[in-house]
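Right, one structure below, let's go through it.
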Amino acid sequence: MALKWDERDDRAVTTAKLLAADAVEEAGSGHPGTPISLAAAAYLIYQRYLRFDPRDPQWVGRDRFVLSAGHASLLQYVQLYLAGVDMEMSDLQSFRTFGSKTPGHPERGHTAGIEITTGPLGSGLGAAVGMAMSARREHGMFDPETPLGQSPFDHDVYVIAGDGCMQEGVASEAASLAGTQQLGNLILIYDDNHISIEDDTNIAFNEDVLARFEAYGWHTQRVNWLQDNGEYQEDVVSLADAIDAAKSETSKPSIIALRTIIGWPSPDKQNTGGIHGAKLGSESLAALKKALGADPEKMFDVDPAIVEYTRENALIRANEAQEQWDEAFRKWAAGNPDKVELFNRIRTGELPKGWEASLPVFEAGKDLATRSASGAVLNGISGAIPELWGGSADLAGSNNTYMKGQGSFLPPSRGSKMFPADLYGRNLHFGVREHGMGAIMNGMASDGLTRVYGATFFVFADYMRGAVRLASLMNLPVTYVWTHDSIGVGEDGPTHQPVEHLAAYRAIPNLAIVRPGDADETAQAWKNILEKNGPAGLILTRQNLPNPGRNAETGLASAEGVARGGYIIADSEDVPDVILMASGSELHLALAAREVLGREGVAARVVSMPCMEWFDQQDKDYRDSVLLPEVKARVSVEAGLAAPWLKYVGDAGKTVSIETFGAPGAAGVLFEEFGITTDAVVAAARSTLNN
């Protein structure tokens with residue numbers, strides 16, 4: 001498009017630079033360099049390209065903007081202010097203070113207009129890839145007959161990233177998958193300024209980034225604001241031309257390497273690490289203001305006419321976009337009443353009525369690995385919950401995450417004999433990219449119109465922990481399917497045996513770790529994860545486990561107790577002498593120990609504890625009814641560290657656990673060698689009774 005730009009836009013860019021510098025100075029800390037030098041680029045995106053409505057930041061028809069370089073948060077906050085997206089001068093003046101709308105890094109759910117929390121570098125780019133993928137999935141779910149790019153469910157995703165993002169591995173993982181997926185709706189502006197906190201990036205980072213992205217399958221362009229002769233000009237026309245070219249390339253994601261000088265035009269601190277992550281200081285701030293033609297004595301000095309201009313322009317653009325989108329949506333709705341019903345249900349966050357009937361019923365008495373039970377659940381409910389999609393980090397066969405008959409989410413040229421391509425399919429192939437998978441799922445979940453799951457071996461969850469933490473921080477409904485959950489992995493040895501991982505992941509706030517003890521509990525685990533609609537890790541076994549059934553004959557309580565996190569699965573007639581607690585593959589050991597103790601005249605209660613987080617959320621009366629306060633004799637058994645159980649067993653209780661790394665060998669042998677046995681539970685019960 002022909003760029004319309006006049007002196008008011010120049011003044012608005014100058015205003016953005018000044019506000020960023022003043023906000024950091026007022027706070028006493030922050031990152032002013034990039035918000036100053038990229039002000040023109042961000043203004044161009046927000047005021048000329050990004051489709052959004054300042055009055056409705058969650059408008060379905062909006063484009064997405066992600067600031068992957070999250071430390072430069074003022075770059076986005078100032079544009080929200082200029083556009084009138086629930087951001088006023090007082091918010092900029094309270095930058096980085098407790099309770100303000102302007103924390104040091106953008107946080108989803110905290111500030112209107114922020115799509116995703118971008119603290120760790122590179123995570124935003126990963127999330128943006130997920131947003132671009134989910135746009136295509138949503139198109140296929142609601143409007144598959146319309147060509148891509150012509151549906152009310154299509155949107156573009158704009159990202160600003162810096163040298164730090166390009167160095168993080170998660171960005172490479174996500175960018176590689178974006179190229180494979182041919183995400184033509186993804187546009188990345190890479191701030192190529194050659195400066196990080198340790199000053200010149202040449203000491204650690206000197207590769208040809210565009211060559212790397214070209215190898216990934218991206219459309220690449222370079223825009224130089226720094227000329228070969230040393231002259232510097234913020235040439236917004238050249239950048240606009242590059243964005244236009246990127247929008248025209250619909251078969252590849254696009255990257256624009258924008259060569260900038262960080263902190264320009266600060267006379268003494270531009271192009272240094274000193275302006276990257278610290279306030280300018282009074283003298284340098286005054287020098288910057290003089291260079292920009294502003295009064296060096298004034299702070300947060302804004303011409304109301306310029307703010308009126310930028311906000312009016314944002315509203316004009318929003319009204320035009322809304323009108324076009326509303327017309328397209330009305331036409332779609334008129335021809336797709338069944339899809340409208342689906343769309344409305346998903347928008348409310350509700351699951352379809354009666355979907356529970358699609359949960360499989362497992363045969364009592366038939367041993368089954370919980371990973372296999374999980375696979376049966378996914379295939380059972382896939383037809384009832386069309387918004388559910390997901391996949392694995394190259395382990396679909398081991399994780400049991402493939403939904404049969406649903407197709408693989410791939411461009412036509414990317415399919416294989418085993419996995420035929422379906423542009424709008426529901427089976428995702430993340431490749432061996434655990435961290436990238438986690439970040440991408442966060443972007444998918446942030447859109448709110450799908451429910452995503454991703455899988456790998458539990459031991460490799462280490463690689464994605466940063467993304468899982470962010471999902472928990474944002475309360476995104478992401479489901480992690482983590483299989484091969486203990487020394488039960490067996491012959492692969494200690495590198496693949498997640499001894500400490502249950503404790504480590506239970507330490508993340510707001511993350512539910514759900515470790516079902518049999519096939520029936522696995523079905524209920526999936527049911528409750530979907531209904532509770534928050535971040536959850538489903539921890540599953542490689543090895544087969546007993547599925548004794550829940551009926552009068554077995555005397556075991558219904559697996560519906562999983563909803564409470566912990567419940568009495570087997571009990572004594574009177575007050576028990578001892579309480580045995582277990583999760584996952586050790587539940588059957590506790591049940592067997594109860595039988596042995598019963599023959600010795602010891603009354604034992606068995607508590608299944610598939611999810612400590614859900615149990616801890618129950619009221620005190622319920623928790624006390626399960627773990628009777630007067631019964632001090634308690635035993636926990638789990639093939640992992642004992643630490644998470646100490647709050648339940650108390651000072652008089654005993655734990656049956658593993659406190660070292662595992663070893664090579666068959667699963668059955670390892671459980672015996674490490675003392676995770678029925679005999680060990682019985683011995684611990686006797687010991688605690690003797691205390």
Side-chain angles (χ1 to χ4, degrees), residues 169 173 367 369-372 374 392-401 430-438 454-469 480-508 511 513-517 537-545 582-590 609-610 612 636-646 654-681 683-684:
E173 293 180 23
D367 291 359
T370 53
R371 64 167 175 163
S372 300
S374 173
S392 171
D394 198 50
L395 291 166
S398 293
N399 298 145
N400 290 81
T401 50
F430 291 103
V432 188
R433 304 182 180 100
E434 289 87 0
H435 196 179
M437 175 176 71
T456 187
F457 290 174
F458 194 25
V459 75
F460 300 141
D462 277 345
Y463 283 4
M464 60 192 301
R465 184 181 176 87
V468 177
R469 183 178 185 273
Y480 307 100
V481 180
W482 288 323
T483 70
H484 297 58
D485 70 339
S486 71
I487 57 171
V489 172
E491 292 82 356
D492 280 334
T495 62
H496 281 52
Q497 294 166 5
V499 172
E500 76 278 20
H501 291 62
L502 283 166
Y505 269 95
R506 284 172 178 150
I508 295 180
L511 176 67
I513 294 298
V514 192
R515 189 171 185 248
L538 188 57
I539 317 301
L540 305 171
T541 68
R542 176 195 185 196
Q543 72 274 25
N544 287 340
L545 301 179
S583 82
S585 55
E586 290 67 67
L587 179 60
H588 76 280
L589 300 180
M609 190 72 74
M612 293 180 176
S636 70
V637 53
E638 187 174 71
L641 300 181
W645 293 92
L646 299 181
K654 299 292 181 181
T655 59
V656 177
S657 63
I658 299 176
E659 304 299 322
T660 67
F661 289 115
V669 173
L670 293 177
F671 278 106
E672 288 287 339
E673 290 295 325
F674 283 93
I676 309 297
T677 63
T678 298
D679 289 345
V681 177

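The model shown is predicted, which means the values in this text are computed figures rather than measured ones. Only this structure's heavy atoms are used, side chains among them; waters, hydrogens and symmetry mates stay out.
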Closest approach of Ile513 and Leu502, non-hydrogen atoms and distance? CG2-CD2, 3.9 Å
Working to the nearest 0.5 Å, report the span between CD1 of Ile658 and CD1 of Ile676. 4.5 Å
Tell me, do Ser392 and Met437 make a side-chain contact under 4.5 Å, heavy atoms counted? no
Of all heavy-atom pairs between Gly675 and Val656, which one has the smallest distance, and what is that distance? O-CG1, 3.5 Å
What are the two closest heavy atoms between Val499 and Gly662, and how far apart are they? CG2-N, 3.8 Å
Leu670 to Gly665 - nearest heavy-atom pair and separation: CD1-O, 3.4 Å
Hey, does Thr483 have a side-chain heavy atom less than 4.5 Å from the side chain of Phe458? no
Decide yes or no on side-chain contact (heavy atoms from CB on, under 4.5 Å) for Ile508 and Arg465, but give the supporting numbers first. CA-CA 9 Å; Ile508 295 180; Arg465 184 181 176 87; 3.5 Å; yes
Pairs meeting criterion side chain to side chain donor-acceptor pair (under 3.5 Å) with involvement of residues 498-507, two or more places apart: Asp462-His501, Arg506-Glu638
Sub-3.5 Å donor-acceptor pair from the side chain of Gln497 to the main-chain atoms of Ala663, do we have one? yes
Donor-acceptor pairs are to be reported for all side-chain atoms of residues 487-495 against protein atoms at under 3.5 Å, with residues two or more places apart or in another chain.
none

Approximate separation, where rounding is to 0.5 Å, of Asn399 CG and His484 NE2: 7.5 Å
Scanning both residues in full, the closest heavy-atom pair of Leu540 with Ser374 reads CD1-CB, 3.5 Å
More than 12 foreign heavy atoms under 6.0 Å from OH of Tyr463: is that the case here? no
Of the non-hydrogen atoms in Gln543 and Ser486, which two are nearest, and what is the gap between them? NE2-OG, 4.3 Å
So, the side chain of Arg371 versus the backbone of Ser398: is there a donor-acceptor pair under 3.5 Å, distance only? yes
Kindly indicate whether the side chain of Thr370, heavy atoms from C-beta on, has any atom under 4.5 Å from the side chain of Ser585. no
For the atom pair CD (Glu586) and CG (Leu545), what is the distance rounded to the nearest 0.5 Å? 8.5 Å
side-chain contact (heavy atoms from CB on, under 4.5 Å) between Glu434 and Glu173: does it pass, once the steps are laid out? CA-CA 9 Å; Glu434 289 87 0; Glu173 293 180 23; 5.7 Å; no
Output the distance between atom OG1 (Thr456) and atom CE (Met464), rounded to the nearest 0.5 Å. 7.5 Å
Looking at residues at least two apart in the chain, or sitting in another chain, which of them share a ring pair (Phe, Tyr, Trp, His ring centres under 6.0 Å) with Tyr480? Trp482
